[in-house]
Amino acid sequence: MTELLTSPLNAKHEELGATFTAFGPWNMPLKYNSELEEHRAVRNSAGLFDLSHMGEIWVNGPDAGKFLSYSFISNLDSLKVGKAKYSMITAEDGGIIDDLISYRFEDDKFLVVPNAGNADTVWDELNKRSEGFDVELKNESRDVAMIAVQGPKAAEILVPLVEDNKQEAVYELGYYAATMGKVARTFAIIARTGYTGEDGFELIVYNSDAPQLWEELLKAGAEYDIKPCGLAARDSLRLEAGMPLYGNELSRDITPVEAGMSRAFAKKEADFVGADVIRKRAEEGPQVVISGLTSDQRRAARAGAEVYLNDTKVGTVTSGQPSPTLGHPVAIALLDTSAELEPGTAVEVEIRGKRYPFEVTALPFYKRDK
């Protein structure tokens, strides 16, 4: 049995009494005390997350933008310096290998952040695809940590720790943007992308600097009742925000068209891996769509539950649980487009052998006040 990888913050999590769980090849905090309290802290004030399991791959060189545009479904060559883009890397058959975020720091310098369980696969794929491009790839996934401050008080907690007269720049940093600077005496990449539906920042630092920065952020957030948060809260938060999770909503079995990402390549003229299959699927239309389901019943639908319209199976739940913020069950499902299930359509979900009423709804379930 392969030993699980641990975060450079593992000792801090143990001190806080975290319950751990396997997530891909990593052993990560599931919760520290109450996942419900952690969820509500992020919605109402702030939460602190260890995201060190995420991958970090640098792509440098004159052809960096062109190379990533070939490797991903989006046009990265046109991404402005200081900005970030959410995209997908696909196989030749159009299946989704991973969804990821790319940051452009210079004309010829990008940082690609794949998901934890797919980081090695993405690294291998990028190396295969780099032939013929003037690029240099560097994998720092095991060398750096990522800490996220998420919630309406995130900026108030982080900005005072920013040094070298960059406080205003960080405070005004736009959504899906990034910069570099010092935070609490620690050099960090500072991004504002998030995965909770709230405002927030991600800080990428060297492993050796992570424990001290974690403590500084907890100290700075104490007056706002910041709470360390585990993967359980991260999952319930992203579900309410209608954000897909690879391995649940996204997989090799669907294309970006089914994932609602046709806009990413709609105006793209350049070739990319899987382009022919994906563009053909876009012309034909998706076979399934990612949709929301809600219920006023107490019983929550979990991943794998079947969705029915009358007695016809029309889809499968990919994520689901009671919504702490909304007070009723929510779920995301892959629904057959042939059933033409518009928002408001009444369906049933089979849970432990019994069917319960749900309603198709648009995503997200929750949207923060700006």
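Bear in mind that the values here come from a model prediction, so they are computed numbers and not experimental data.
Salt bridge Glu249/Arg238: present, at least one basic N to carboxylate O contact under 4.0 Å.
For the pair Ser295 (side chain) and Pro357 (backbone), a donor-acceptor distance under 3.5 Å is present. Here the side chain of Ser69 pairs a donor or acceptor atom with the backbone of Leu76 at under 3.5 angstrom. In this structure a side-chain-to-backbone donor-acceptor pair under 3.5 Å is missing from Ser102 to Lys85. Judged purely by atom type and a 3.5 angstrom limit, Thr90 has no side-chain atom pairing as donor or acceptor with the backbone of Gly274. At distances below 3.5 Å, at least one donor-acceptor pair connects side-chain atoms of Asp93 with backbone N or O atoms of Gly95. Proximity of a side-chain donor or acceptor of Glu38 to a complementary backbone N or O of Tyr32 within less than 3.5 Å is detected. No side-chain donor-acceptor contact under 3.5 Å links Ser319 to the backbone of Ile332. Side chain of Asp98 to backbone of Asn115: a donor-acceptor contact under 3.5 angstrom is found. Checking side-chain atoms of Glu202 against main-chain N and O of Gly194 turns up a donor-acceptor pair under 3.5 Å. In this structure, Asn207 contributes its side chain and Arg142 its backbone to a donor-acceptor pair below 3.5 Å.
Geometric assessment of Arg129 against the ring of Phe67 yields a negative cation-pi assignment under the 6.0 Å and 45° thresholds.
More than 12 heavy atoms of other shown residues, nucleotides or ligands fall within 6.0 angstrom of atom CG in Asp164. Environment of CD in Glu284: crowded, with over 12 heavy atoms of neighbouring residues, nucleotides or ligands closer than 6.0 Å. Heavy-atom contacts from other residues, nucleotides or ligands closer than 6.0 Å to CD of Glu168 number 12 or fewer. The number of heavy atoms from other shown groups lying within 6.0 Å of CG (Asp276) does not exceed 12. Within a 6.0 Å radius of CZ in Phe20, more than 12 heavy atoms belonging to other residues, nucleotides or ligands are found. Tyr86 OH: more than 12 foreign heavy atoms inside a 6.0 Å radius.
If you take CD1 on Ile96 and CD1 on Ile73, they are separated by 7.5 Å, rounding to the nearest 0.5 Å. Distance check: Met88 CE to Ser74 OG gives 8.5 Å after rounding to the nearest 0.5 Å. Taking CG of Leu48 as the start and CD1 of Ile157 as the end, the distance is 8.5 Å to the nearest 0.5 Å. Interatomic distance, CZ of Arg234 versus CG of Leu30, reported as 13.0 Å (0.5 Å rounding). Arg104 contributes atom CZ, which lies 3.5 Å from atom CZ of Phe110 (distance to the nearest 0.5 angstrom). Between the CG atom of Leu363 and the CD atom of Glu240 there is a distance of 12.0 Å, given to the nearest 0.5 Å.
Residues Gln150 and Phe201 are not in side-chain contact: their nearest non-hydrogen atoms beyond the backbone lie 4.5 Å or more apart. At least one side-chain heavy atom of Ile147 sits under 4.5 Å from a side-chain heavy atom of Leu9. A 4.5 Å side-chain heavy-atom check between Pro343 and Thr361 finds every atom pair outside the cut-off. Counting heavy atoms from C-beta outward, Asn310 and Thr312 have side chains that stay 4.5 Å or more apart. Contact annotation: the side chain of Tyr308 never approaches that of Val314 to less than 4.5 Å [non-hydrogen atoms, C-beta and beyond]. Using a 4.5 Å cut-off on side-chain heavy atoms (C-beta onward), Tyr176 and Ile101 make contact. Side-chain contact between Val113 and Leu100: absent, with no pair of heavy atoms (C-beta onward) separated by less than 4.5 Å. With a 4.5 Å cut-off on side-chain heavy atoms, Ile89 and Glu125 count as touching.
Remark: Glu35 pairs with Lys31 by the salt bridge (charged side-chain N to carboxylate O under 4.0 Å, His left out) rule, at least two apart or across chains. In this view, Glu37 satisfies the salt bridge (charged side-chain N to carboxylate O under 4.0 Å, His left out) rule with no residue, not counting sequence neighbours.
When each of Arg192, Arg43, Lys153 is tested with Asp199 by the rule salt bridge (charged side-chain N to carboxylate O under 4.0 Å, His left out), just one qualifies, namely Arg192. Leu203 pairs in a side-chain contact (heavy atoms from CB on, under 4.5 Å) with only one of the listed residues (Thr186, Ile189, Leu158, Asp209), which is Leu158.
Among all heavy-atom pairs drawn from Ala184 and Gln212, the shortest one is O-NE2, 3.0 Å. In this structure, Ser291 and Leu335 approach most closely via the heavy-atom pair CB-CD1, 3.5 Å. Pairing each heavy atom of Arg279 with each of Ala270, the nearest pair is NH2-O, 3.1 Å. Residues Ala84 and Tyr103 come closest through the heavy atom pair CB-CD2, 3.4 Å. In terms of heavy atoms, Lys66 sits closest to Asp77 at N-OD1, 3.7 Å. Of all non-hydrogen atoms in Phe358 and Leu293, the two that sit nearest each other are CD2-CB, 4.0 Å.
Between Glu306 and Thr316, the side chains place no donor N or O within less than 3.5 Å of an acceptor N or O (distance only, hydrogens not considered). Looking at Asp50 and Ser52, their side chains do bring a donor and an acceptor atom within 3.5 Å of each other. Checked by atom type, the side-chain pair His328/Gln297 shows no donor-acceptor distance below 3.5 Å. A donor atom on one side chain and an acceptor atom on the other are found under 3.5 Å apart for Thr179 and Lys166. For the 3.5 Å distance criterion, the side chains of Thr345 and Glu342 fail to qualify, holding no donor opposite an acceptor.
Ile204 and Leu173 fall into different hydrophobic clusters, where Ile, Leu, Val, Met, Phe, Trp and Tyr side chains are chained together by heavy-atom contacts under 4.5 Å. Residues Phe272 and Val277 do not share a hydrophobic cluster, defined by chaining ILVMFWY side chains whose heavy atoms lie under 4.5 Å apart.
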Verdict with reasoning, Glu216 to Arg185, per salt bridge (Lys or Arg N to Asp or Glu O under 4.0 Å) = CA-CA 10 Å; Glu216 292 285 357; Arg185 304 177 303 282; 2.9 Å; yes

Chi angles and distances behind the side chain to side chain contact (heavy atoms under 4.5 Å, CB included) call for Trp58, Lys109 = CA-CA 7 Å; Trp58 288 98; Lys109 186 173 186 176; 3.6 Å; yes

Step-by-step side chain to side chain contact (heavy atoms under 4.5 Å, CB included) determination, Asn60 to Val135 | CA-CA 5 Å; Asn60 303 321; Val135 293; over 6 Å; no

Check the pair Phe133 / Val59 against side chain to side chain contact (heavy atoms under 4.5 Å, CB included), numbers first and verdict last.
-> CA-CA 11 Å; Phe133 292 95; Val59 180; over 6 Å; no

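Relative orientation of the Phe23 and His53 rings is perpendicular, given thresholds of 30° and 60° on the angle between their planes.
Taking the six-membered ring for Trp and the full ring otherwise, the centers of Phe49 and Trp214 sit at least 6.0 Å from each other.
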Return all side-chain donor-acceptor pairs below 3.5 angstrom for residues 220-229, not counting sequence neighbours, or 'none' if the list is empty.
residue	atom	partner	partner atom	Å
Tyr224	OH	Glu156	OE1	3.4
Asp225	OD1	Lys227	NZ	3.4

